[in-house]
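Okay, structure first, notes after.
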2 protein chains.
Amino acid sequence: MSDDDARSVVKQVFTEYLVTHALRKTPERFAILDEIYSREGHFDIELLFNYMKNKNYRVSRATLYNTIELLIDCKLVTRHKFGRNQAQYEKTYRSGHHDHLIDTRSGRIIEFSDPRINDIIKSACEDNSFILHHYALYVYGEQEKGNH
Amino acid sequence: MSDDDARSVVKQVFTEYLVTHALRKTPERFAILDEIYSREGHFDIELLFNYMKNKNYRVSRATLYNTIELLIDCKLVTRHKFGRNQAQYEKTYRSGHHDHLIDTRSGRIIEFSDPRINDIIKSACEDNSFILHHYALYVYGEQEKGNH
DNA sequence: ATACCTGCAAAGGGTTTGCATCAGG
DNA sequence: CCTGATGCAAACCCTTTGCAGGTAT
């Protein structure tokens, strides 16, 4: 599946979500989705705001906050609170679930994934009659110098 | 080990930390530590502030924020950012590591622990030459009604 | 035509900071 | 004594909210 294909699938998912919830398919909402899916890595609202401003696409911060909430709800975007600061976001579709090592000195974030985590989550949910929505595993520490 | 013993051990740990880092052993710092370790469950700064005010122990919020930072650094307290709101804290000494299921509807938090998580963290750190400080696993979802 | 949505700016709320005062070493 | 710590309040910053005007349906 090409990148363009992925972006059109994502657009479909969002469209269906909007229809199902009787929400309007405004151009801003799709422009935001497209901007997010055209980039890699983490971002915060301010960064997204600047990305779009630099393309001369005018969106207000209010709309960004509003739209990202919808995207989280339909699982196209994930929100993280790594440090003490503002929220970080990332696209989720076709990125596969992964977790994060956070270097507390540099703030750098390394992604990793381990298939065993799923089993643990599953049993924790079963044990507590819990219906999973999503999960996040954050590992804080420091990366040794010189090896990377 | 009794509760009182635990509290005195914790006080020792904190004292050593302060000495090592050439920080002052002020009465406020120990009063805050003691207040935290005399209670169970999660708390935020505002709650802690009120706890102490109600005991007629005057501490400023600034000191609470400052001190809790030290307690986190010496691993006597853990900070969580479950939702979008303010930080939640909990004492860590002798509570054993545990993780959290967060009911996104009610906000209720259930603790669980799974020994397998440790292996996963360890290998993730090894693979990335990462020196672990701490980690947190958050599982978001909804608890089924009627079973609890 | 009717809500809903957007943009703007102001309000909000948790956390941090500046500064004068206090007190531990 | 000297420097770090405290308390207070103001500043900060990210996020939310209110309102007037615009637009999807």
Side-chain angles (χ1 to χ4, degrees), chain A residues 11 14-35 42-53 55-74 77-90 107, chain B residues 11 14-35 42-53 55-74 77-90 107:
Chain A
K11 199 171 290 188
F14 194 32
T15 303
E16 278 167 34
Y17 172 84
L18 293 175
V19 170
T20 310
H21 292 74
L23 298 168
R24 290 183 182 167
K25 301 193 278 289
T26 67
E28 288 84 357
R29 286 176 174 169
F30 286 98
I32 293 166
L33 177 64
D34 216 51
E35 183 63 42
H42 300 97
F43 62 92
D44 57 37
I45 293 292
E46 201 56 27
L47 199 54
L48 186 55
F49 181 77
N50 288 324
Y51 285 159
M52 300 193 75
K53 194 164 84 173
K55 285 190 179 169
N56 291 315
Y57 197 102
R58 296 186 146 287
V59 250
S60 68
R61 267 169 266 260
T63 301
L64 289 176
Y65 279 109
N66 165 32
T67 302
I68 213 134
E69 209 61 39
L70 303 177
L71 293 172
I72 289 166
D73 198 36
C74 62
V77 166
T78 309
R79 176 176 17 232
H80 294 289
K81 291 263 192 169
F82 293 123
R84 234 168 311 166
N85 323 322
Q86 81 267 40
Q88 297 272 104
Y89 303 88
E90 64 180 331
Chain B
K11 199 171 292 188
F14 194 33
T15 303
E16 278 166 34
Y17 172 85
L18 293 175
V19 170
T20 310
H21 291 73
L23 299 168
R24 291 182 183 166
K25 301 193 278 291
T26 66
E28 287 84 357
R29 287 176 173 169
F30 287 98
I32 292 166
L33 177 64
D34 216 53
E35 183 62 41
H42 300 97
F43 62 92
D44 57 39
I45 294 291
E46 201 56 26
L47 198 54
L48 185 56
F49 181 78
N50 288 324
Y51 284 159
M52 299 193 74
K53 195 164 84 174
K55 284 189 179 171
N56 290 315
Y57 196 102
R58 297 186 145 287
V59 249
S60 68
R61 266 170 268 258
T63 302
L64 289 175
Y65 279 107
N66 166 32
T67 302
I68 214 133
E69 211 61 38
L70 304 178
L71 293 172
I72 289 167
D73 198 37
C74 64
V77 166
T78 309
R79 176 177 17 233
H80 295 289
K81 291 262 192 169
F82 293 123
R84 233 169 312 168
N85 323 321
Q86 80 268 40
Q88 298 271 105
Y89 304 87
E90 63 181 330

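For clarity, every value in this text was computed on a predicted model and none was experimentally measured. Convention: sequence-line order gives letters A, B, ...; per-chain numbering from 1.
- Separating the CD atom of Gln88(A) from the P atom of dT15(D) is a distance of 10 Å, rounded to the nearest angstrom.
- Base pairing in DNA chain C gives the following stems of 3 or more Watson-Crick or G-U pairs, range against range and under 3.5 Å: C:1-25 with D:1-25.
- Partners of Lys55(A) according to the side-chain hydrogen bond (donor to acceptor under 3.5 Å, both in side chains) rule, which considers only residues two or more places apart in sequence or in another chain, are Glu35(A).
- With sequence neighbours excluded, the residues satisfying side-chain hydrogen bond (donor to acceptor under 3.5 Å, both in side chains) with Thr63(B) are Ser60(B).
- The ring pair (Phe, Tyr, Trp, His ring centres under 6.0 Å) search around Tyr51(A) returns none, not counting sequence neighbours.
- For the pair Asp44(A) CG and dC13(D) C1', the interatomic distance rounds to 12 Å; values are reported in whole Å.
- Residue Ala22(B) is classed as having no contact, given no heavy-atom separation below 4.0 Å to the nucleic acid.
- The side-chain hydrogen bond (donor to acceptor under 3.5 Å, both in side chains) search around Thr15(A) returns none, not counting sequence neighbours.
- Looking at residues two or more places apart in sequence or on another chain, you find no salt bridge (Lys or Arg N to Asp or Glu O under 4.0 Å) involving Arg58(B).
- When the ring pair (Phe, Tyr, Trp, His ring centres under 6.0 Å) test is applied to Phe30(B), the partners found at least two apart in sequence or on another chain are Phe14(B).
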**Prompt:** What one-letter contact string describes nucleotides 19-25 of chain D from 5' to 3', where B marks a base within less than 4.0 Å of any protein heavy atom, S marks contact via sugar-phosphate atoms alone, and - marks no contact?
**Reply:** ----BBS

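- Residue Tyr57(A) contributes atom OH, which lies 8 Å from atom P of dG7(C) at whole-angstrom precision.
- Atom CG of Leu70(A) is separated from atom P of dC5(C) by 8 Å (rounded to the nearest Å).
- In the region residues 61-68 of chain B, proximity to DNA chain C at under 4.0 angstrom, judged on heavy atoms, holds for Ala62(B), Tyr65(B).
- Spacing between atom NE2 of His21(B) and atom P of dG4(D) amounts to 15 Å, rounded to whole angstrom units.
- Within the structure, every pair that satisfies the side chain to side chain donor-acceptor pair (under 3.5 Å) test and touches residues 17-26 of chain B, not counting sequence neighbours, is listed here: Tyr17(B)-Asp73(B).
- Look at CD on Glu46(B): it is 7 Å from P on dG14(C), rounded to the nearest Å.
- When the C1' atom of dG14(C) is taken as reference, atom CZ of Phe43(B) falls 16 Å away, rounded to whole Å.
- Take Arg79(B) and apply the salt bridge (Lys or Arg N to Asp or Glu O under 4.0 Å) test, not counting sequence neighbours, and it matches Glu69(B).
- A search for side-chain hydrogen bond (donor to acceptor under 3.5 Å, both in side chains) contacts involving Asn50(A) returns nothing, not counting sequence neighbours.
- The shortest side-chain heavy-atom distance between Leu48(A) and Ile68(A) falls under the 4.5 Å cut-off.
- Per the geometry, CD belonging to Gln86(A) stands 15 Å off C1' belonging to dT16(C), to the nearest Å.
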